[in-house]
Amino acid sequence: MDNLHLIQLNEYERPTITEERNRDWVGIGDNNDYYQSLIDAYMDSTTNNAVINGVVNLIYGKGIDATDSNKKPEQYAQMKSLLKPKDLRSVCQDLKILGEACFQITYNNNKISAITHFPRETLRAEKMNENGIIKNYFYAPDWSKVNRNTKLTKFPVFGSGAQNEIYIVKRSLTGFYYYSPADYQTSYAILEKEIADYLINDTCNGFSGTKVVNFNNGVPDREKQLQIKHDVLNKLTGSHGEKVLIAFNNNAESKTTIDDIPLNDAPQHYQFLSEECQRKILVTHRVTSPLLIGLGSANGFSSNADEIKNATLLFDNIVIKPYQNLIVDSLNEIFGSENISLNLYFKTLEPLEFMDLDDVISEEQREEETG
(Lines give C-alpha, C1' and ligand atoms only; values in the text may rest on other atoms or scores of the structure.)
Protein backbone atom coordinates (compact mmCIF):
# COMPACT_ATOMS: atom_id res chain seq x y z
CA MET A 1 0.00 0.00 0.00
CA ASP A 2 2.17 2.83 -1.31
CA ASN A 3 -0.47 5.42 -0.52
CA LEU A 4 -0.43 4.66 3.23
CA HIS A 5 2.55 5.78 5.33
CA LEU A 6 3.19 4.89 8.96
CA ILE A 7 5.63 6.31 11.47
CA GLN A 8 7.22 3.38 13.32
CA LEU A 9 8.50 3.42 16.90
CA ASN A 10 11.93 2.00 17.63
CA GLU A 11 12.05 -1.25 19.56
CA TYR A 12 14.05 -1.55 22.76
CA GLU A 13 17.20 -3.64 22.26
CA ARG A 14 19.63 -5.11 24.76
CA PRO A 15 23.21 -3.75 24.63
CA THR A 16 25.84 -5.71 22.75
CA ILE A 17 29.60 -5.95 23.25
CA THR A 18 31.37 -5.04 20.00
CA GLU A 19 34.99 -6.02 19.28
CA GLU A 20 36.31 -4.88 15.90
CA ARG A 21 39.57 -5.78 14.19
CA ASN A 22 40.56 -2.25 13.22
CA ARG A 23 40.42 -0.74 16.72
CA ASP A 24 42.11 -1.53 20.03
CA TRP A 25 39.14 -0.86 22.30
CA VAL A 26 35.88 -2.73 22.86
CA GLY A 27 32.54 -0.95 22.57
CA ILE A 28 29.35 -1.54 24.51
CA GLY A 29 25.98 -0.93 22.88
CA ASP A 30 25.06 -0.98 19.20
CA ASN A 31 26.58 2.48 18.71
CA ASN A 32 28.89 2.31 21.73
CA ASP A 33 26.26 4.35 23.59
CA TYR A 34 25.12 1.97 26.34
CA TYR A 35 26.31 4.15 29.22
CA GLN A 36 24.71 7.24 27.72
CA SER A 37 21.41 5.38 27.35
CA LEU A 38 21.52 4.50 31.07
CA ILE A 39 22.25 8.13 31.96
CA ASP A 40 19.38 9.28 29.72
CA ALA A 41 17.00 6.80 31.37
CA TYR A 42 18.09 8.12 34.77
CA MET A 43 17.61 11.76 33.79
CA ASP A 44 14.38 11.39 31.79
CA SER A 45 12.28 8.99 33.91
CA THR A 46 10.79 10.38 37.12
CA THR A 47 10.38 7.01 38.82
CA ASN A 48 13.73 5.63 37.67
CA ASN A 49 15.45 8.78 38.92
CA ALA A 50 13.77 8.55 42.33
CA VAL A 51 14.58 4.85 42.73
CA ILE A 52 18.24 5.22 41.77
CA ASN A 53 18.71 8.24 44.05
CA GLY A 54 17.15 6.31 46.91
CA VAL A 55 19.32 3.25 46.34
CA VAL A 56 22.50 5.34 46.07
CA ASN A 57 21.68 7.11 49.36
CA LEU A 58 21.18 3.75 51.06
CA ILE A 59 24.42 2.33 49.63
CA TYR A 60 26.48 5.30 50.78
CA GLY A 61 24.60 5.70 54.05
CA LYS A 62 26.69 7.89 56.30
CA GLY A 63 29.95 7.01 54.62
CA ILE A 64 32.58 4.37 55.22
CA ASP A 65 34.14 3.55 58.57
CA ALA A 66 36.05 0.77 60.31
CA THR A 67 35.11 -1.26 63.38
CA ASP A 68 38.77 -1.46 64.42
CA SER A 69 39.52 2.25 64.01
CA ASN A 70 40.43 2.58 67.71
CA LYS A 71 42.86 -0.33 67.50
CA LYS A 72 44.55 0.96 64.33
CA PRO A 73 44.33 4.76 64.51
CA GLU A 74 47.25 5.41 62.14
CA GLN A 75 45.86 3.15 59.41
CA TYR A 76 42.40 4.62 59.93
CA ALA A 77 43.72 8.19 59.58
CA GLN A 78 45.62 7.20 56.44
CA MET A 79 42.49 5.63 54.94
CA LYS A 80 40.46 8.78 55.64
CA SER A 81 43.14 11.01 54.08
CA LEU A 82 43.31 8.97 50.86
CA LEU A 83 39.59 8.63 50.14
CA LYS A 84 37.26 11.62 50.34
CA PRO A 85 33.49 11.26 50.92
CA LYS A 86 32.52 13.01 47.65
CA ASP A 87 34.58 10.53 45.62
CA LEU A 88 33.09 7.55 47.41
CA ARG A 89 29.56 8.86 46.89
CA SER A 90 30.24 9.34 43.16
CA VAL A 91 31.51 5.76 42.93
CA CYS A 92 28.31 4.53 44.63
CA GLN A 93 26.24 6.47 42.09
CA ASP A 94 28.15 5.19 39.05
CA LEU A 95 27.95 1.62 40.31
CA LYS A 96 24.17 1.79 40.55
CA ILE A 97 23.45 3.77 37.38
CA LEU A 98 26.05 2.21 35.06
CA GLY A 99 26.64 -1.21 36.61
CA GLU A 100 30.33 -0.36 37.08
CA ALA A 101 32.40 2.32 38.78
CA CYS A 102 36.01 3.44 38.69
CA PHE A 103 38.62 4.58 41.22
CA GLN A 104 41.65 6.53 40.01
CA ILE A 105 44.74 5.77 42.08
CA THR A 106 47.52 8.34 42.09
CA TYR A 107 51.02 7.57 43.35
CA ASN A 108 53.80 9.72 44.73
CA ASN A 109 57.19 8.10 45.34
CA ASN A 110 55.62 4.67 44.86
CA LYS A 111 53.06 5.37 47.60
CA ILE A 112 49.36 6.01 47.04
CA SER A 113 48.72 9.73 47.47
CA ALA A 114 45.02 9.84 46.52
CA ILE A 115 42.09 7.60 45.61
CA THR A 116 39.54 9.53 43.58
CA HIS A 117 36.46 8.91 41.48
CA PHE A 118 36.88 8.58 37.72
CA PRO A 119 33.80 8.87 35.44
CA ARG A 120 33.14 5.30 34.29
CA GLU A 121 31.20 6.30 31.17
CA THR A 122 34.36 7.89 29.70
CA LEU A 123 36.30 4.60 29.62
CA ARG A 124 36.33 1.66 27.20
CA ALA A 125 38.23 -1.57 27.74
CA GLU A 126 41.29 -2.45 25.70
CA LYS A 127 41.16 -5.83 23.98
CA MET A 128 42.44 -8.57 26.24
CA ASN A 129 45.99 -9.86 25.71
CA GLU A 130 47.00 -13.41 24.87
CA ASN A 131 46.53 -14.36 28.54
CA GLY A 132 42.96 -13.06 28.63
CA ILE A 133 43.82 -10.00 30.74
CA ILE A 134 42.68 -6.41 30.21
CA LYS A 135 45.78 -4.27 30.74
CA ASN A 136 44.45 -0.80 29.90
CA TYR A 137 41.35 1.31 29.42
CA PHE A 138 40.96 4.06 26.82
CA TYR A 139 39.59 7.47 27.82
CA ALA A 140 37.46 9.91 25.83
CA PRO A 141 35.31 12.69 27.33
CA ASP A 142 32.60 12.06 24.71
CA TRP A 143 32.62 8.73 22.88
CA SER A 144 29.95 9.86 20.44
CA LYS A 145 32.60 12.10 18.85
CA VAL A 146 35.31 9.42 18.62
CA ASN A 147 36.31 8.33 15.12
CA ARG A 148 39.19 6.38 13.59
CA ASN A 149 41.49 9.42 13.71
CA THR A 150 40.82 10.29 17.35
CA LYS A 151 43.85 9.95 19.61
CA LEU A 152 42.74 8.34 22.87
CA THR A 153 44.40 8.52 26.27
CA LYS A 154 45.29 5.16 27.77
CA PHE A 155 45.07 4.39 31.52
CA PRO A 156 46.69 1.23 32.92
CA VAL A 157 44.81 -0.90 35.42
CA PHE A 158 45.64 -1.24 39.11
CA GLY A 159 48.91 -3.05 39.80
CA SER A 160 50.71 -1.90 36.66
CA GLY A 161 53.25 0.27 38.50
CA ALA A 162 52.25 3.44 36.65
CA GLN A 163 51.88 6.81 38.36
CA ASN A 164 48.15 6.94 37.58
CA GLU A 165 46.09 3.76 37.53
CA ILE A 166 42.42 2.90 37.48
CA TYR A 167 40.52 0.24 39.38
CA ILE A 168 37.21 -0.92 37.87
CA VAL A 169 34.56 -1.90 40.41
CA LYS A 170 32.17 -4.40 38.83
CA ARG A 171 30.24 -7.57 39.43
CA SER A 172 31.37 -10.87 37.97
CA LEU A 173 28.74 -12.11 35.51
CA THR A 174 28.84 -15.23 33.38
CA GLY A 175 29.11 -14.31 29.72
CA PHE A 176 30.35 -10.77 30.41
CA TYR A 177 34.10 -10.25 30.58
CA TYR A 178 34.80 -6.76 29.30
CA TYR A 179 31.82 -5.06 30.93
CA SER A 180 29.24 -5.74 33.62
CA PRO A 181 25.84 -4.35 32.58
CA ALA A 182 23.56 -2.54 35.01
CA ASP A 183 21.40 -4.79 37.20
CA TYR A 184 18.15 -3.29 35.90
CA GLN A 185 16.33 -2.83 32.60
CA THR A 186 15.57 0.60 31.13
CA SER A 187 12.65 -0.28 28.84
CA TYR A 188 9.92 0.95 31.20
CA ALA A 189 11.96 4.03 32.12
CA ILE A 190 12.09 4.84 28.39
CA LEU A 191 8.34 4.21 28.11
CA GLU A 192 7.64 6.49 31.07
CA LYS A 193 9.65 9.25 29.41
CA GLU A 194 7.80 8.75 26.12
CA ILE A 195 4.41 8.91 27.89
CA ALA A 196 5.42 12.12 29.65
CA ASP A 197 6.63 13.69 26.40
CA TYR A 198 3.41 12.70 24.62
CA LEU A 199 1.17 14.11 27.34
CA ILE A 200 3.15 17.34 27.51
CA ASN A 201 2.95 17.69 23.74
CA ASP A 202 -0.75 16.81 23.86
CA THR A 203 -1.32 19.58 26.38
CA CYS A 204 0.66 22.10 24.32
CA ASN A 205 -1.44 21.21 21.28
CA GLY A 206 -4.75 21.78 23.02
CA PHE A 207 -5.50 18.05 23.48
CA SER A 208 -5.95 17.55 19.75
CA GLY A 209 -6.27 13.84 18.94
CA THR A 210 -4.50 11.73 16.35
CA LYS A 211 -5.41 12.70 12.78
CA VAL A 212 -5.63 10.97 9.42
CA VAL A 213 -5.16 13.47 6.58
CA ASN A 214 -6.84 12.34 3.33
CA PHE A 215 -6.05 13.94 -0.02
CA ASN A 216 -9.03 13.17 -2.23
CA ASN A 217 -7.91 14.46 -5.63
CA GLY A 218 -6.04 11.42 -6.91
CA VAL A 219 -2.98 9.34 -5.93
CA PRO A 220 0.30 10.97 -7.06
CA ASP A 221 3.55 9.09 -7.75
CA ARG A 222 5.62 7.84 -4.80
CA GLU A 223 8.08 10.74 -4.87
CA LYS A 224 5.25 13.23 -4.65
CA GLN A 225 3.61 11.20 -1.85
CA LEU A 226 6.79 11.33 0.21
CA GLN A 227 7.12 15.06 -0.35
CA ILE A 228 3.52 15.67 0.76
CA LYS A 229 4.01 13.41 3.78
CA HIS A 230 7.15 15.36 4.73
CA ASP A 231 5.35 18.68 4.44
CA VAL A 232 2.37 17.52 6.53
CA LEU A 233 4.58 16.05 9.27
CA ASN A 234 6.50 19.30 9.48
CA LYS A 235 3.22 21.07 10.12
CA LEU A 236 1.62 18.61 12.54
CA THR A 237 4.49 17.09 14.52
CA GLY A 238 7.44 18.30 16.55
CA SER A 239 7.31 20.01 19.91
CA HIS A 240 4.09 21.92 19.19
CA GLY A 241 2.89 21.62 15.61
CA GLU A 242 0.51 24.11 14.02
CA LYS A 243 -3.09 24.40 15.21
CA VAL A 244 -4.52 25.74 11.92
CA LEU A 245 -3.95 24.26 8.45
CA ILE A 246 -4.88 26.10 5.24
CA ALA A 247 -5.76 23.98 2.19
CA PHE A 248 -6.44 25.14 -1.38
CA ASN A 249 -8.84 22.98 -3.43
CA ASN A 250 -10.24 23.08 -6.96
CA ASN A 251 -13.75 22.34 -5.69
CA ALA A 252 -15.61 21.05 -2.63
CA GLU A 253 -15.67 17.50 -3.93
CA SER A 254 -11.85 17.28 -4.02
CA LYS A 255 -11.18 18.97 -0.70
CA THR A 256 -8.67 17.62 1.80
CA THR A 257 -10.32 15.84 4.73
CA ILE A 258 -8.96 15.33 8.22
CA ASP A 259 -10.38 12.48 10.30
CA ASP A 260 -9.87 11.92 14.02
CA ILE A 261 -8.68 8.60 15.45
CA PRO A 262 -10.11 8.76 18.96
CA LEU A 263 -8.54 6.93 21.89
CA ASN A 264 -11.38 5.60 23.98
CA ASP A 265 -10.99 6.04 27.75
CA ALA A 266 -7.78 8.02 27.23
CA PRO A 267 -7.38 9.16 30.88
CA GLN A 268 -7.74 5.61 32.19
CA HIS A 269 -5.38 4.35 29.48
CA TYR A 270 -2.56 6.71 30.38
CA GLN A 271 -3.14 6.22 34.10
CA PHE A 272 -2.71 2.48 33.58
CA LEU A 273 0.48 2.97 31.55
CA SER A 274 1.90 5.36 34.13
CA GLU A 275 1.17 3.01 37.04
CA GLU A 276 2.45 0.02 35.08
CA CYS A 277 5.72 1.83 34.36
CA GLN A 278 6.12 2.66 38.03
CA ARG A 279 5.44 -0.95 39.08
CA LYS A 280 7.84 -2.43 36.55
CA ILE A 281 10.60 0.06 37.39
CA LEU A 282 10.28 -0.89 41.07
CA VAL A 283 10.45 -4.56 40.11
CA THR A 284 13.54 -4.22 37.94
CA HIS A 285 15.34 -2.41 40.79
CA ARG A 286 14.08 -5.05 43.27
CA VAL A 287 12.50 -2.42 45.52
CA THR A 288 10.70 -4.37 48.26
CA SER A 289 8.48 -1.40 49.16
CA PRO A 290 7.90 1.95 47.45
CA LEU A 291 7.98 3.56 50.91
CA LEU A 292 11.75 3.03 50.92
CA ILE A 293 12.10 5.71 48.24
CA GLY A 294 9.28 7.93 49.43
CA LEU A 295 6.41 6.52 47.34
CA GLY A 296 3.09 5.45 48.88
CA SER A 297 2.10 1.78 49.00
CA ALA A 298 -0.27 -0.68 50.62
CA ASN A 299 0.68 -4.30 50.06
CA GLY A 300 -0.58 -6.34 52.95
CA PHE A 301 1.48 -5.15 55.89
CA SER A 302 -0.50 -4.30 59.01
CA SER A 303 0.86 -0.75 59.12
CA ASN A 304 3.35 1.50 57.40
CA ALA A 305 5.81 0.98 60.25
CA ASP A 306 5.64 -2.80 59.84
CA GLU A 307 6.01 -2.46 56.09
CA ILE A 308 9.07 -0.24 56.36
CA LYS A 309 10.67 -2.52 58.94
CA ASN A 310 10.27 -5.73 56.97
CA ALA A 311 10.96 -4.14 53.61
CA THR A 312 14.06 -2.39 54.92
CA LEU A 313 15.61 -5.58 56.29
CA LEU A 314 14.90 -7.47 53.08
CA PHE A 315 16.03 -4.67 50.77
CA ASP A 316 19.20 -4.13 52.76
CA ASN A 317 20.19 -7.80 52.58
CA ILE A 318 19.37 -8.54 48.94
CA VAL A 319 20.21 -5.21 47.27
CA ILE A 320 22.17 -2.73 49.39
CA LYS A 321 24.74 -4.95 51.12
CA PRO A 322 25.91 -6.65 47.89
CA TYR A 323 26.74 -3.20 46.51
CA GLN A 324 28.49 -2.20 49.72
CA ASN A 325 30.43 -5.47 49.91
CA LEU A 326 31.60 -5.02 46.31
CA ILE A 327 32.99 -1.56 47.08
CA VAL A 328 34.53 -2.68 50.39
CA ASP A 329 36.26 -5.64 48.72
CA SER A 330 37.68 -3.30 46.08
CA LEU A 331 38.94 -0.85 48.70
CA ASN A 332 40.48 -3.67 50.73
CA GLU A 333 42.49 -4.70 47.67
CA ILE A 334 43.63 -1.13 47.03
CA PHE A 335 44.46 -0.36 50.67
CA GLY A 336 46.17 -3.74 51.02
CA SER A 337 48.91 -2.54 48.67
CA GLU A 338 49.69 0.13 51.31
CA ASN A 339 49.54 -2.38 54.18
CA ILE A 340 46.30 -0.84 55.43
CA SER A 341 44.19 -3.62 56.91
CA LEU A 342 40.91 -2.39 58.37
CA ASN A 343 37.50 -3.96 58.87
CA LEU A 344 35.65 -1.52 56.64
CA TYR A 345 31.88 -1.08 56.54
CA PHE A 346 29.29 1.50 55.46
CA LYS A 347 27.50 3.30 58.25
CA THR A 348 23.81 2.63 57.72
CA LEU A 349 20.90 5.02 57.35
CA GLU A 350 18.48 2.45 58.75
CA PRO A 351 16.62 3.25 61.98
CA LEU A 352 18.26 1.37 64.82
CA GLU A 353 14.98 -0.15 66.00
CA PHE A 354 14.64 -1.96 62.66
CA MET A 355 17.84 -3.91 63.14
CA ASP A 356 17.72 -7.54 64.27
CA LEU A 357 20.52 -7.81 66.82
CA ASP A 358 19.69 -11.22 68.31
CA ASP A 359 22.72 -12.85 66.68
CA VAL A 360 25.14 -9.99 67.27
CA ILE A 361 27.55 -11.08 69.96
CA SER A 362 30.38 -8.55 69.85
CA GLU A 363 30.65 -4.78 69.91
CA GLU A 364 32.42 -4.76 66.54
CA GLN A 365 29.63 -6.79 64.98
CA ARG A 366 27.05 -4.50 66.60
CA GLU A 367 28.81 -1.44 65.21
CA GLU A 368 29.07 -2.95 61.71
CA GLU A 369 25.38 -3.97 61.70
CA THR A 370 23.95 -0.72 63.10
CA GLY A 371 26.46 1.94 62.12
Side-chain angles (χ1 to χ4, degrees), residues 56 59-96 98-120 122-123 125-126 128-129 131-137 139 153-172 177 180 320-349 360-371:
V56 171
I59 294 172
Y60 180 78
K62 297 178 182 178
I64 204 162
D65 213 314
T67 60
D68 50 359
S69 57
N70 292 332
K71 299 177 182 178
K72 303 175 180 179
E74 293 183 0
Q75 293 186 27
Y76 181 75
Q78 188 178 1
M79 181 272 291
K80 285 292 189 180
S81 67
L82 293 177
L83 180 63
K84 303 303 181 185
K86 66 180 181 65
D87 292 298
L88 182 59
R89 181 180 286 277
S90 296
V91 166
C92 293
Q93 186 173 43
D94 278 4
L95 187 59
K96 176 55 187 171
L98 306 177
E100 295 187 5
C102 179
F103 286 111
Q104 180 175 234
I105 305 160
T106 305
Y107 293 86
N108 186 13
N109 295 326
N110 296 323
K111 300 285 289 182
I112 296 179
S113 59
I115 301 172
T116 55
H117 163 258
F118 199 99
R120 179 63 186 89
T122 63
L123 297 172
E126 184 182 48
M128 67 179 73
N129 61 16
N131 297 320
I133 299 174
I134 301 172
K135 303 288 290 184
N136 301 280
Y137 280 79
Y139 165 80
T153 304
K154 187 184 294 187
F155 283 93
V157 299
F158 176 70
S160 66
Q163 186 174 0
N164 283 289
E165 300 175 331
I166 59 171
Y167 186 106
I168 303 297
V169 183
K170 65 178 183 177
R171 298 171 297 143
S172 177
Y177 180 75
S180 177
I320 302 303
K321 282 188 177 179
Y323 277 115
Q324 294 175 337
N325 292 338
L326 187 59
I327 297 173
V328 166
D329 290 344
S330 301
L331 289 174
N332 282 335
E333 184 176 355
I334 296 172
F335 289 133
S337 65
E338 295 293 304
N339 296 318
I340 299 175
S341 177
L342 294 167
N343 185 27
L344 299 175
Y345 74 97
F346 281 89
K347 292 188 287 186
T348 182
L349 287 176
V360 178
I361 58 175
S362 70
E363 288 302 318
E364 284 191 357
Q365 287 175 309
R366 179 182 295 272
E367 178 182 351
E368 187 171 352
E369 287 295 324
T370 65

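All residue numbers in this chain count up from 1 along the given sequence.
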So for atom [atom1], which belongs to [X], do other residues, nucleotides or ligands contribute more than 12 heavy atoms lying within a distance under 6.0 Å?
| X | atom1 | answer |
| --- | --- | --- |
| K80 | NZ | yes |
| E338 | CD | yes |
| N129 | CG | yes |
| N131 | CG | yes |

* Pair F158 and Y167, ring centroids less than 6.0 Å apart -> yes
With rounding to the nearest 0.5 angstrom, report the [atom1] to [atom2] distance, [X] to [Y].
| X | Y | atom1 | atom2 | answer |
| --- | --- | --- | --- | --- |
| L83 | I340 | CG | CD1 | 10.5 Å |
| L82 | F335 | CG | CZ | 6.0 Å |
| R171 | L326 | CZ | CG | 8.5 Å |
| Y60 | I320 | OH | CD1 | 15.0 Å |
| S81 | I115 | OG | CD1 | 9.0 Å |
| N110 | S337 | CG | OG | 11.0 Å |

Any side-chain to backbone donor/acceptor pair from [X] onto [Y]? Under 3.5 Å, distance only.
| X | Y | answer |
| --- | --- | --- |
| Q324 | I59 | yes |
| S113 | T106 | yes |
| E165 | G161 | yes |
| Q104 | T116 | no |
| N325 | K321 | yes |
| D68 | N343 | yes |
| K347 | D65 | no |
| R89 | C92 | no |

Flag side-chain contact, heavy atom, 4.5 Å: [X] against [Y]:
| X | Y | value |
| --- | --- | --- |
| P73 | Q75 | no |
| M79 | S69 | no |
| R120 | I168 | yes |
| L331 | I64 | yes |
| I327 | F346 | yes |

Do you know the tightest heavy-atom contact between [X] and [Y]?
| X | Y | answer |
| --- | --- | --- |
| C102 | V91 | O-CG2, 3.9 Å |
| S341 | K72 | O-NZ, 2.7 Å |
| V157 | N136 | CG1-N, 4.2 Å |

* To do: Could you point out which residue of Y139, F103, Y137 forms a ring-ring contact (aromatic ring centres under 6.0 Å, His included) with F118?
  =>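 Output: one option passes, namely Y139.
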